[in-house]
Amino acid sequence: MKITKTFTLSAMLLAAVMPQAGAASLPDFVGGISAGTIAAISDGEFFGSTYGTGQLTPRSAGFRDVLTVLSIEDGRVAASEVAVSNSVTAAPEILQLTPDGRTAFVAERLGERPESGETIRDLPPGRRLFAVDLSDKSAPRVAATVEIEAFPEALSISPDGMRIAVVSNTPEASFVQIVPYRDGSFGEVMRFDLADLGIAGTAPRPRGGVTATNVHWHPSGSFLAVNINSQNRIAFFEVTEADGAVVLAPWGNVVETARDPMVGRFTPDGRFYITSDWGRDLQAPTLEGRIPQTPSGISVIRLADTAADGETARHERVATATTDRSAEGLAMSRDGRLVATVNMRDTAFPPGTPRFQREATVTLLTFDPQTGAIEKMGDYPFEGVLPEGGTFDLTGDHFLATVFHGHESAGAETGPGLEVFRVVKGERPSLERLGRIPLPHGVHHVDVAR
């Protein structure tokens, strides 16, 4: 189902277009965001508290899994949405736009619930990668679907837009998959078992304790980084071709980080790789034990020269910084000088429990592209449940953070959507809260393009 309408900046957006979010005016600041396309993905089956209770949203609420598209041009905003299965249980890396904003790729970690499904345990494994055609942003459509290994955690588009890298963790193995995409169609999925690439474990757990939560293409298109958060390390692979087939081979040493490096990013110049180290105790049997009560961190890895041989290349962790509690999402400005994390804090705990909090934060940091030095500027609070993903706009003048849903009895200003900050630039940059773009329930990742 597709729903679309065009609005001036003072028009009523969500009453007609996104009834899940309730009636609200589109904030005036949206027109100033530097992006032709804003895409956000929403999971309609979870509450923030589902992690603690196991209970899915009631069917009577009418929530759906959707991709929402906002396009901005000459002071006018067009909003549309299309049904796309997805799950918040993945890292906030399951949505990405091509640079031209004409295609969005989405992976589903968990599939759509069956008719009788009421709990997390009822959800089947996700196995699909979707390509959504946004060439007509007023009518987005799923152009292609391909089956990949179960439980995909993250995806990344190659710099030329011709290949999608996906990591999945099945009960038997962790996989890197390379999926060609041309002319609106997926090609044959190429699968690489991480154990065959030297990433293995001996723990008495599935896959020997190996779990991959992030994959990211190097700006050259010749390398991939994969976060092995369960082992607190990052692996790098060289991507080549032989006889028309893609070949993956280890590139240099595996690098240790702090605990639980959930997501990561190459810097725009490709000299560094930056991770957000959440810090969870992945073996704890309860949510209280799993979610840390100490701040998360950042690791900066200086990469070997790209001309270095795969066996002799040496990467090194050269800098760290502290962020805030339960940092999951990570973003970098396109000039490579600003980094931000989206910090859930304790908003995922059920209301009324001892650790529940109403406010999350965004941490802003500066980064030196020459030395790799990183410095925290501050934490910026906002109200809402389970914020995960985030992105700077194209010029780095705004930062957008997803908010899964608001608190009970909260209004549209603190409901589900995109929390928007203005980036105040200068010697010590800061963030200034502008407000929230209301969107459907369950927003957990966002991306922008021209």
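Counting begins at 1 with the first residue of the sequence. Computed from a predicted model, the values in this text were never measured in an experiment.
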Exercise. Taking S87 for the side chain and E108 for the main chain, is one N or O donor matched with an acceptor at less than 3.5 Å?
Worked result: no
Exercise. Less than 4.5 Å apart, any side-chain heavy atom of Y51 and any of F349?
Worked result: no
For this session: Taking the side chain as every heavy atom from C-beta outward, state whether T363 and T322 have any atom pair closer than 4.5 Å.
Result: no
For this session: Would you please indicate if the ring centroids of F47 and H405 are separated by under 6.0 Å?
Result: yes
Problem set entry | Crowding at CD, E359 (>12 non-hydrogen neighbours, <6.0 Å) | yes
Seminar exercise, completed: Sorted by chain and residue number, the side chain to side chain contact (heavy atoms under 4.5 Å, CB included) partners of D193 (sequence neighbours excluded) come out as A173, F175, A195, D196
Exercise. Any side-chain heavy atom of W278 sitting closer than 4.5 Å to one from S296?
Worked result: yes
For this session: Please assess L282 against R290 for the test side chain to side chain contact (heavy atoms under 4.5 Å, CB included), listing each intermediate value before the final yes or no.
Result: CA-CA 6 Å; L282 299 176; R290 190 179 182 91; 3.8 Å; yes
Exercise. With respect to F272, which candidate in I301, L303, V318 satisfies the side-chain contact (heavy atoms from CB on, under 4.5 Å) definition?
Worked result: V318
For this session: State whether a side-chain donor-acceptor pair under 3.5 Å links E93 with S156.
Result: no
Problem set entry | Mutual orientation of the aromatic rings belonging to F392 and F399 [parallel < 30°, tilted 30-60°, perpendicular > 60°] | perpendicular
For this session: Before accepting this row, confirm whether a basic side-chain N of the pair D397/R422 lies closer than 4.0 Å to the acidic partner's carboxylate O.
Result: no
Exercise. Should R127 and E149 be marked as a salt bridge (Lys or Arg N to Asp or Glu O under 4.0 Å) after you check the CA-CA gap, both sets of side-chain angles, and the distance that decides it?
Worked result: CA-CA 6 Å; R127 299 178 182 273; E149 294 290 342; 5.7 Å; no
Problem set entry | Aromatic plane relationship, H441 with F63 - under 30° parallel, 30 to 60° tilted, over 60° perpendicular | parallel
Exercise. Parallel, tilted or perpendicular: which fits the ring planes of F404 and H444, with parallel below 30° and perpendicular above 60°?
Worked result: tilted
Exercise. Does a salt bridge link R113 with D122, judged by any charged N lying under 4.0 Å from a carboxylate O?
Worked result: no
Exercise. Under 3.5 Å, is there a donor-acceptor pair linking the side chains of N229 and D260?
Worked result: yes
Exercise. Looking at side-chain heavy atoms only, is the closest gap between V166 and P152 below 4.5 Å?
Worked result: yes
Exercise. Is a donor on one side and an acceptor on the other found under 3.5 Å between the side chain of T275 and the backbone of D277?
Worked result: no
Exercise. Rounded to the nearest 0.5 Å, how far does NE2 of H218 lie from CG of D269?
Worked result: 8.0 Å
Problem set entry | Carboxylate-amine/guanidinium proximity below 4.0 Å for D346 and R355 | yes
Problem set entry | Aromatic centroids of F105 and Y181 separated by under 6.0 Å | yes
Exercise. Is it the case that N343 and S326 place a side-chain donor and acceptor less than 3.5 Å from each other?
Worked result: no
Exercise. Stepwise, does the side chain to side chain contact (heavy atoms under 4.5 Å, CB included) test hold for L418 with T402?
Worked result: CA-CA 5 Å; L418 299 176; T402 63; 3.9 Å; yes
Problem set entry | Salt-bridge criterion met for E328 and R280 (N-O under 4.0 Å) | no
Problem set entry | side chain to side chain contact (heavy atoms under 4.5 Å, CB included) between T366 and I374, intermediate numbers included | CA-CA 6 Å; T366 57; I374 192 164; over 6 Å; no
Exercise. Do R433 and E419 pass the salt bridge (Lys or Arg N to Asp or Glu O under 4.0 Å) test, and can you show the C-alpha distance, the side-chain angles, and the key distance before you say yes or no?
Worked result: CA-CA 8 Å; R433 182 181 182 272; E419 186 78 357; 2.2 Å; yes
Exercise. With side chains defined as the heavy atoms from C-beta onward, is the minimum distance between K376 and I298 less than 4.5 Å?
Worked result: no
For this session: Please find out if less than 6.0 Å separates the ring center of Y273 from that of F236.
Result: yes
For this session: Take R325 and Q357 through the test side-chain hydrogen bond (donor to acceptor under 3.5 Å, both in side chains) and record every step on the way to the result.
Result: CA-CA 12 Å; R325 295 198 310 280; Q357 285 185 305; 2.7 Å; yes
Problem set entry | Beyond-backbone contact of V254 with I234, side-chain heavy atoms, under 4.5 angstrom | no
Problem set entry | Within-4.5 Å side-chain heavy-atom neighbours: V106 and I41 | yes
Problem set entry | Worked check of side chain to side chain contact (heavy atoms under 4.5 Å, CB included) between V167 and T213 | CA-CA 7 Å; V167 287; T213 55; over 6 Å; no
Problem set entry | With sequence neighbours excluded, residues passing side chain to side chain contact (heavy atoms under 4.5 Å, CB included) with S71 | A78, K137
Problem set entry | R109 with E153: basic N within carboxylate O range, under 4.0 Å | yes
Exercise. Are the side chain of H407 and the backbone of R358 linked by a donor-acceptor contact shorter than 3.5 Å?
Worked result: yes
Exercise. Should R436 and E383 count as an ion pair when the cut-off is N to O under 4.0 Å?
Worked result: no
For this session: Please tell me if the side chains of T211 and I228 come closer than 4.5 Å, counting only heavy atoms from C-beta onward.
Result: no
Problem set entry | From E118 atom CD to T57 atom OG1, the distance as rounded to the nearest 0.5 Å | 9.0 Å
For this session: To the nearest 0.5 Å, tell me how far Q177 CD sits from L248 CG.
Result: 11.5 Å
Exercise. Between R128 and E147, is the closest basic N to carboxylate O distance under 4.0 Å?
Worked result: no
Exercise. Could E45 and R64 be called an ion pair, given the rule that one side-chain N must be under 4.0 Å from one carboxylate O?
Worked result: no
